[in-house]
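Notes follow once the structure below has been shown.
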Amino acid sequence: MRDQVERVAVIIEDDGDIRRLLEEVLEQGGFETHSAGNGVDGVEKVRRYRPTLTTLDVSMPGIDGFEAAKRIRAFSDTYLIMLTARSDEIDTLMGLQSGADDYIAKPFRPRELRARIDAMLRRPRLAVAPEEAAEGSSSVPTDSPAPRHAADPEETPSLGTDAAALAHTPVADRATETATATEPTASVQSRADSADDDGWLEHRGLQLQPEMHLVTVDGDELDITRSEFELLSLLMSSRRRVRSKADLALALRGESYVTSYYVSEADKRAVEVHLANLRRKLGESATQPRWIETVRGVGYRLTADD
């Protein structure tokens, strides 16, 4: 029987040199790796091995990385990092919209990759919705291993102590990026104030259950991604308190309330994309919001109660 804390990674990369580099980096971090040289084979390996982490190249023969990511997201909650030589903003946005959790441009530094993976592994790993699992179950081999849960952060070894080297930025910049960060106890109190006895957060017909990973709008269940759920949960917990893009980006990386981490413009754009997708799924306008309003030049917060 496999240990529950064993970590598996699938590498989908058509460049042999980069594939071997990724295998080395991930195996040093304690992952069992399985590699594929094209998108079709990669999707099947994700289906078979049910990895904790998947790295995915964008430009590949057959189906490209964007299409592969969409197919993977139909049945898997694997942490998904897209690697590409393309550096245009539109490619970053397309990657995130396809279901990627992070997006790194080539050539990349192994230490940066390790730092980003470490940050993702600190975030709760949520299960795929039952309807999604059922949709992809027809082609899953009967001897496939059971779904793997992420290890407790205290049991999960770091991929590298040099990750902190990426975290430092001038004090003045850190102060700007984290000006709206607050003490954790404030967030906990806000969550308590806005939740009912069953743990549900509610605002104008929008309800969220953090532990069950459920969101409903006027009684109808809403299907959203893990990142969208985490952003919505933080905003609903904060109520009318404004959360900056930097604050939200840190939360997605599992680094909330830590003022020494650097937040790049790409991280902020990722937050914008996730919130734009969330608003689209909610069916609300950014100019006349029912639930989430933009505080220009500052960040986001919930709209006022009726």
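Throughout, numbering of the chain's residues begins at 1 and tracks the sequence.
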Nearest non-hydrogen partners of Ala68 and Leu56, listed with the distance: CB-CD1, 4.0 Å

Audit row: Met120, Leu252, side-chain contact (heavy atoms from CB on, under 4.5 Å) steps and yes/no: CA-CA 8 Å; Met120 284 195 300; Leu252 288 181; over 6 Å; no

Side-chain heavy atoms of Ile11 within contact of Phe31, under 4.5 Å: no

Whether Arg73 side chain and Thr78 backbone form a donor-acceptor pair below 3.5 Å: yes

Distance in Å, Asp305 CG paired with Arg239 CZ, rounded so as to fall on 0.5 Å steps: 5.0 Å

Backbone of Ser233 reached by a side-chain donor or acceptor of Glu230 within 3.5 Å: no

Thr225/Ser227 under side chain to side chain donor-acceptor pair (under 3.5 Å): CA gap, chis, key distance, verdict: CA-CA 6 Å; Thr225 67; Ser227 295; 5.1 Å; no

Nearest heavy atoms of Val10 and Gly42, plus distance in Å: CG1-O, 4.2 Å

Pairwise side-chain contact, Asp14 with Asn38, heavy-atom cut-off 4.5 Å (strictly under): no

Shortest non-hydrogen separation from Met236 to Leu206 and the atoms involved: CE-O, 3.5 Å

Sidechain-backbone polar pair: His203 side chain, Thr303 backbone, donor-acceptor under 3.5 Å: yes

Set of residues satisfying salt bridge (Lys or Arg N to Asp or Glu O under 4.0 Å) with respect to Lys281, sequence neighbours excluded: Glu228

From CD (Glu112) to CD1 (Ile117), nearest 0.5 Å: 10.5 Å

Exam field: side chain Glu284 to backbone Ile292, donor-acceptor pair closer than 3.5 Å: yes

Closest heavy-atom pair and its distance - Ile12, Met60: CG2-SD, 3.5 Å

Salt bridge flag under 4.0 Å for residues Glu24 and Arg20: no

Any donor-acceptor pair under 3.5 Å from Ser238 side chain to Arg241 backbone: no

Straight-line distance of Arg269 CZ to Lys245 NZ, nearest 0.5 Å: 10.5 Å

Non-hydrogen side-chain atoms of Ser237 and Leu201 separated by less than 4.5 Å: yes

Separation between CG of Leu278 and CZ of Phe229, rounded to the nearest 0.5 Å: 11.0 Å

For Ser244 against Asp247, the heavy-atom pair lying closest together: OG-N, 3.0 Å

Ile18 side, atom CD1; Glu23 side, atom CD - distance, nearest 0.5 Å: 12.0 Å

Contacts of type side chain to side chain donor-acceptor pair (under 3.5 Å), residue Arg279, not counting sequence neighbours: Thr294

Working for side-chain contact (heavy atoms from CB on, under 4.5 Å), residues Thr52 and Leu121: CA-CA 9 Å; Thr52 303; Leu121 293 179; 3.8 Å; yes

Leu232 side chain reached by Val215 side chain, heavy atoms, under 4.5 Å: yes

Donor-acceptor contact below 3.5 Å, side chain Trp291 vs main chain Arg204: yes

Pairing of Asp218 and Arg290 as salt bridge, 4.0 angstrom limit: yes

Donor-acceptor contact present, side-chain Asp101 to main-chain Leu80, <3.5 Å: yes

Chi angles and distances behind the side-chain contact (heavy atoms from CB on, under 4.5 Å) call for Tyr300, Val295: CA-CA 6 Å; Tyr300 303 91; Val295 180; over 6 Å; no

Heavy-atom closest pair, residues Lys45 and Ala36: CD-CB, 4.2 Å

Donor-acceptor contact below 3.5 Å, side chain Arg243 vs main chain Leu248: no

Carboxylate-amine/guanidinium proximity below 4.0 Å for Glu67 and Arg71: yes

Intermediate values then yes/no, side-chain contact (heavy atoms from CB on, under 4.5 Å), Arg116 and Leu113: CA-CA 5 Å; Arg116 288 180 179 270; Leu113 177 63; 5.6 Å; no

Heavy-atom side-chain proximity of Leu235 to Leu275 below 4.5 angstrom: yes

Student check: side-chain heavy atoms of Met82 and Thr55 closer than 4.5 Å: no

NZ/NE/NH1/NH2 to OD/OE distance under 4.0 Å, Arg50 and Asp77: no

Heavy-atom side-chain contact between His274 and Glu272 under 4.5 Å: no

Gap between atom CG of Asp17 and atom CG of Leu22 - 0.5 Å precision: 11.0 Å

Side-chain H-bond candidate by donor/acceptor type, His34 with Glu32, under 3.5 Å: yes

Side chain to side chain, Ile104 and Ile81, heavy atoms closer than 4.5 Å: yes

Pairing residues for Glu293 by the salt bridge (Lys or Arg N to Asp or Glu O under 4.0 Å) criterion, not counting sequence neighbours: Arg240, Arg301

Backbone of Ala249 reached by a side-chain donor or acceptor of Lys268 within 3.5 Å: no

